[in-house]
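The model shown is predicted, which means the values in this text are computed figures rather than measured ones.
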Amino acid sequence: MNWIRVALVGAVLVLSGCASKGDTSGWGYPPMAVPLQPSIQQEIQLSRLDQLLQRPDVDDVTRAKMYYERGLIKDSLGLRDLARVDFTQSLTLKPDQSDVFNILGVYYTQNTDFDGAYEALDSALELDPNNQFAERNLAIALYYGERYDQAYEIAQKHYNDAPRDPYRAIWLYWIGLEVDAKVATETFQKQYQQRTDEDFGWDLAGLILKETSEDEFLKKILTTTRNNVALAEKLTEGYFYLAKRYQYEGDYPNAIALYKLSMSNNVYEYVEHRYSFVELGNIYKALRDLQEQKIKEQQAQEVKETPVAPQETSTEKEMLKEEATAE
């Protein structure tokens with residue numbers, strides 16, 4: 001099997017047009033995985049759960065769990081509206097499910113319904129104060145809802161709970177940039193320098209901080225990833241955080257392209273796939289606002305440069321009136 005792996009990696013490197021430059025412009029085509037597709041196991045699980053939910057002898061607690069499990073499968077397949085129906089049905093049968101409130105909070109954030117997100121994630125944490133996913137997702141929801149101080153406070157606590165987790169450091173950095181960019185950058189650089197393992201998340205941190213070039217980052221993924229699923233997952237994360245870096249620098253064209261690449265792998269359950277939609281919406285809004293501002297400035301300049309016709313004085317009006325009367 002090793003030769004297959006080598007051949008696949010070699011083919012990807014050739015097709016990608018790898019060059020020696022340290023950014024994505026050095027790649028003739030960006031490295032991509034084959035977009036993930038539904039597996040036979042997922043289809044069998046869906047069919048089995050559909051059949052079990054038809055049985056009248058299933059108690060409410062078990063039925064609620066089945067709806068939740070079916071919702072997770074649908075979510076992993078990108079069927080989010082259908083998944084949300086299952087999650088809501090699960091809560092109807094068993095309201096005290098922190099994990100269900102958490103995933104619904106993520107859905108609300110993705111749809112920019114921030115009030116709904118706060119309510120759902122608060123409920124998740126009330127039911128289970130130790131739900132780390134809900135804590136992180138609440139910080140992210142507050143961040144996208146532009147409630148930066150609250151988001152930073154929660155993100156800081158979330159990071160302190162597990163300071164070796166690179167993803168906690170990454171999101172603390174993005175949120176911190178909106179509070180104090182200098183402190184956030186210095187803190188993130190220190191966290192990166194003090195890393196104690198080779199977690200892929202620290203590779204992402206190095207990419208964000210430009211400690212690792214884009215070329216080196218992509219080469220490492222392609223030469224160390226063993227299968228297409230792992231490749232799709234890593235590229236989903238890598239392109240998302242690289243897009244955020246470009247977006248923060250004001251390079252919207254590259255950011256837009258990279259967010260689309262992040263979504264192209266069909267890793268639907270990753271937050272990086274989910275929040276690419278939110279980030280693209282923010283970019284498009286910023287571009288519309290910028291265009292509207294330019295139009296207003298242009299119109300104001302045209303008004304300023306338009307010559308004003310001389311106004312007739314009251315004396316001139318009276319003389320014209322007398323001449324007309326005389327005639």
Who pairs with Lys157 by salt bridge (Lys or Arg N to Asp or Glu O under 4.0 Å), at least two apart in sequence or on another chain?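 By the salt bridge (Lys or Arg N to Asp or Glu O under 4.0 Å) rule, Lys157 matches Glu135, Asp161.
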Quiz item: Which residues satisfy the salt bridge (Lys or Arg N to Asp or Glu O under 4.0 Å) test with Asp57, sequence neighbours excluded?
Solution: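 Applying salt bridge (Lys or Arg N to Asp or Glu O under 4.0 Å) to Asp57 gives Arg55.
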Look at atom [atom1] of [X] and say whether more than 12 heavy atoms of other residues, nucleotides or ligands are closer to it than 6.0 Å.
{"X": "Tyr148", "atom1": "OH", "value": "yes"}
{"X": "Glu198", "atom1": "CD", "value": "no"}
{"X": "Gln189", "atom1": "CD", "value": "yes"}

Any idea which heavy atoms bring [X] and [Y] closest together, and the distance?
{"X": "Val100", "Y": "Phe87", "value": "CG1-O, 3.5 Å"}
{"X": "Ile73", "Y": "Gln42", "value": "CG2-O, 4.1 Å"}
{"X": "Ile283", "Y": "Ala255", "value": "CD1-CB, 3.9 Å"}
{"X": "Leu127", "Y": "Pro95", "value": "CD1-O, 4.0 Å"}
{"X": "Ala151", "Y": "Leu142", "value": "CB-CB, 3.6 Å"}
{"X": "Ala139", "Y": "Ile175", "value": "O-CD1, 3.9 Å"}

Among the clusters formed by ILVMFWY side chains lying less than 4.5 Å apart, do [X] and [Y] turn up in the same one?
{"X": "Tyr248", "Y": "Leu261", "result": "yes"}
{"X": "Val267", "Y": "Val278", "result": "no"}
{"X": "Leu52", "Y": "Val58", "result": "yes"}

Applying side chain to side chain contact (heavy atoms under 4.5 Å, CB included), run through Arg147 and Tyr118 and close with a yes or a no.
-> CA-CA 11 Å; Arg147 296 167 65 171; Tyr118 306 148; 2.9 Å; yes
Using residues 291-298 as the side-chain source, report each donor-acceptor pair under 3.5 Å to any protein atom, sequence neighbours left out, with the distance given to one decimal.
residue : atom : partner : partner atom : Å
Gln293  : NE2  : Glu297  : OE2          : 3.1

task: Take Asn265 and Glu272 through the test side chain to side chain contact (heavy atoms under 4.5 Å, CB included) and record every step on the way to the result.
output: CA-CA 11 Å; Asn265 298 291; Glu272 291 81 9; over 6 Å; no
Is there a donor-acceptor pair closer than 3.5 Å between any side-chain N or O of [X] and the backbone N or O of [Y]?
{"X": "Asp59", "Y": "Val61", "value": "yes"}
{"X": "Arg274", "Y": "Thr109", "value": "no"}
{"X": "Ser262", "Y": "Leu258", "value": "no"}

For residues 163-184, which residue pairs pass the side chain to side chain donor-acceptor pair (under 3.5 Å) check, not counting sequence neighbours?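 Residue pairs passing side chain to side chain donor-acceptor pair (under 3.5 Å), neighbours aside: Gln132-Arg168, His158-Arg168, Asp165-Arg168, Tyr167-Glu237, Trp171-Tyr241.
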Does anything in residues 85-108 pair up under side chain to side chain donor-acceptor pair (under 3.5 Å), and if so which pairs, sequence neighbours excluded?
->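 Residue pairs with at least one partner in residues 85-108: Arg70-Asp86, Lys74-Asp86, Asp75-Tyr107, Ser90-Gln97, Lys94-Asp96, Ser98-Asn131, Asp99-Asn131, Asn102-Asn137.
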| task | Please assess Asn266 against Thr236 for the test side chain to side chain contact (heavy atoms under 4.5 Å, CB included), listing each intermediate value before the final yes or no. | result | CA-CA 8 Å; Asn266 292 349; Thr236 296; over 6 Å; no
Subject >> Derivation and outcome, side chain to side chain contact (heavy atoms under 4.5 Å, CB included), residues Leu104 and Leu91 >> reply: CA-CA 10 Å; Leu104 287 174; Leu91 281 180; 3.5 Å; yes
**Asked** Residues in ring pair (Phe, Tyr, Trp, His ring centres under 6.0 Å) with Tyr67, at least two apart?
**Response**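 Once residues adjacent in sequence are excluded, Tyr67 has no partner under the ring pair (Phe, Tyr, Trp, His ring centres under 6.0 Å) criterion.
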TODO: Answer yes if the ring centres of Tyr144 and Tyr275 are under 6.0 angstrom apart, and no otherwise.
DONE: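 So the answer is yes for these two rings.
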